[in-house]
Amino acid sequence: MQKVTKEHIEKLTDYLWEIPTSFRKDMLVPARILASEQILDDIIEDRSLNQLVNVATLPGIRKASLVMPDVHEGYGFPIGGVAATSYPDGAISPGGIGYDINCGVRLLTSSLKMKDIKEDLEALGKELYAKIPSGMGKGGQIRVFSEQMDEVLHRGAEWGVKQGYGHKDDLAYIESKGRLAWADPSCVSQMAKNRGTDQLGTIGSGNHFVEVDVVEEIYDNESAKAYGLHKNQIVVMIHTGSRGLGHQVATDYIRIMINAMQKYGIKLPDRELACVPFNSEEGQNYFKAMCAAANYAWCNRQIISWEVRNAWETLFGKEKGQLRLMYDVAHNIAKVEDHVINGKNERVIVHRKGATRAFGPNFEELPDAYIAVGQPVIIPGSMGTCSYVLAGTTKSYDITFGSCCHGAGRRLSRTAAKKQVNAPVLKEQLRERGIFIEAGSFKGIAEEAPIAYKDVNSVVDTVNISGIAKKVAKIKPLVVVKG
DNA sequence: ATGTGC
């Protein structure tokens, strides 16, 4: 298959590039790349642009196949990708959502400032590491079986709150209120449920983490005030997803769809794009299972928040130890949404894989305090760099179906990173810079080294300048807990 | 990402 080169790419604006449908005759829509020229040059040799073109052949795809500036290669679809298909008969594809269904990020804000915790960073890292189970295959203390598991899958974060893992007020500050109503536990295999039995309240491994950060800079006073963020404030970021349960849901339905595709006459350039019509039996079952796994992930992040709050209270006491949920976003999910395409309102199935929803002001789901400034977008950087809070914009609807990037984006494969990085040395270097890492393995540290990632500042500048999200605050890591 | 692999 013909490889994408710079010659095939047309410049639409300084930050938007297009591979037209003339590039390959199976493309149904153009492929668009949101990137600075520097970022584009860095990814041009990557397989991710060919994956982006492949996505443009997805049955029922509308307007354009899109990637954000943090794009990199994924299973079938690129990570950092957005694809909207027509409702109700366009494709739904598990590869367009990812194995870690509802991988996402939440941010908790504290009433503490840098000066309040400067001396406690190491103890804080040890306490968090002790309270929050992490690592590959790791389970926690909580067990959910049969009816209780079904309740978790039905009710998401709400189940956690009901069991005492958090405040009722938390729910308003979660995307979709931490619950997708289409979830149907009967569409989730017993194997998936078994894998999820003891994994609520656990981080997992890879790029997942719990991190204590300090707000280093505020860019937009009005939004920062609405979100309750201010300079020198200590905040906590949680990044994880649906663990083994979501992974098993993806595995189960990818196999089902590979087998069902011929029946619907679907031919694709890569079998990793396996998909079926959204309104087919297989499509509906997957969607209901995906919603259930998404609910599990929201419940997981809810329970981890409870663990973090416990650690916080242990160290700082009841009065100073309060943590408020600022927001929780999903970045591996598909949603049915209404968007304007060619001037007409259309219902579409938006696949976001390593992409964050970034809805602008006046979106009715937002809590009252946020409605005038738009939805918070949380962008974790890599371990030793920094992260960002942005605000969604109305402009994002026109360009990216109301989506934004989800992180810095990998630059090196895990294997390449392991070859280049001496993890014990890196850990010590970060410590000298005042960043304390508590990790279960040196392998994990090497794979997640800052050098393995793109520069988060240039990724965020791209989305900020192109107007799909607005910079609100920059935060800097102090303590990182990883698997 | 994942009881790291058909």
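Convention: sequence-line order gives letters A, B, ...; per-chain numbering from 1.
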Nearest whole angstrom, please: distance from the [atom2] of [N] to the [atom1] of [X].
X: A/Met136; N: B/dG5; atom1: CE; atom2: C1'; value: 12 Å
X: A/Tyr99; N: B/dG5; atom1: OH; atom2: P; value: 9 Å
X: A/Glu448; N: B/dT2; atom1: CD; atom2: P; value: 11 Å
X: A/Lys418; N: B/dT4; atom1: NZ; atom2: C1'; value: 9 Å
X: A/Lys138; N: B/dT2; atom1: NZ; atom2: P; value: 13 Å
X: A/Arg414; N: B/dT2; atom1: CZ; atom2: P; value: 9 Å
X: A/His208; N: B/dT4; atom1: NE2; atom2: P; value: 16 Å
X: A/Asp252; N: B/dC6; atom1: CG; atom2: P; value: 15 Å

Write out all pairs satisfying ring-ring contact (aromatic ring centres under 6.0 Å, His included) with one or both partners inside residues 183-212 of chain A, taking only residues at least two apart or from two chains.
A/His208-A/His239, A/Phe209-A/His239

B/dT2 OP1/OP2 closer than 4.0 Å to side-chain N/O of A/Ser205
yes

Residues which pass side chain to side chain contact (heavy atoms under 4.5 Å, CB included) with A/Asp455, listed by chain and number, not counting sequence neighbours
A/Asn457, A/Ser458

Kindly state whether the ring of A/Tyr327 and the ring of A/Tyr227 have centres lying under 6.0 angstrom apart.
no

Would you please classify the geometry between the A/Tyr165 ring and the A/Trp159 ring as parallel, tilted or perpendicular, with 30° and 60° separating the classes?
tilted

State which residues pass ring pair (Phe, Tyr, Trp, His ring centres under 6.0 Å) with A/Tyr173; sequence neighbours excluded, sorted by chain then number.
A/Tyr370

Would you classify [X] as touching base, sugar-phosphate or nothing, given that sugar-phosphate means primed atoms plus P, OP1 and OP2, and contacts are heavy atoms under 4.0 Å?
X: A/Gly98; result: nothing
X: A/Lys353; result: nothing
X: A/Glu447; result: nothing

Acceptor/donor pairs from residues 290-301 of chain A side chains to any protein atom, 3.5 angstrom cut, sequence neighbours excluded:
| unit_1 | atom_1 | unit_2 | atom_2 | d |
| --- | --- | --- | --- | --- |
| A/Asn295 | OD1 | A/Leu180 | N | 2.7 |
| A/Asn295 | ND2 | A/Leu153 | O | 2.8 |
| A/Asn295 | ND2 | A/His154 | O | 3.3 |
| A/Asn295 | ND2 | A/Leu180 | O | 3.2 |
| A/Tyr296 | OH | A/Gly196 | O | 2.6 |
| A/Tyr296 | OH | A/Leu200 | N | 3.3 |
| A/Trp298 | NE1 | A/Asp328 | OD1 | 2.9 |
| A/Asn300 | OD1 | A/Gly201 | N | 2.7 |
| A/Asn300 | OD1 | A/Thr202 | N | 3.1 |
| A/Asn300 | ND2 | A/Thr202 | O | 3.1 |
| A/Asn300 | ND2 | A/Gly241 | O | 3.0 |
| A/Arg301 | NE | A/Asp328 | OD1 | 3.3 |
| A/Arg301 | NE | A/Asp328 | OD2 | 3.1 |
| A/Arg301 | NH1 | A/Asn102 | O | 2.9 |
| A/Arg301 | NH1 | A/Thr240 | O | 2.8 |
| A/Arg301 | NH2 | A/Asn102 | OD1 | 2.9 |
| A/Arg301 | NH2 | A/Asp328 | OD1 | 3.0 |

Among residues 236-247 of chain A, which contact DNA chain B at a heavy-atom distance under 4.0 Å?
A/Arg243, A/Gly244, A/His247

Where at least one partner belongs to residues 408-425 of chain A, residue pairs that pass salt bridge (charged side-chain N to carboxylate O under 4.0 Å, His left out), sequence neighbours excluded:
A/Arg410-A/Glu448, A/Arg414-A/Glu447, A/Arg414-A/Glu448, A/Lys418-A/Glu447

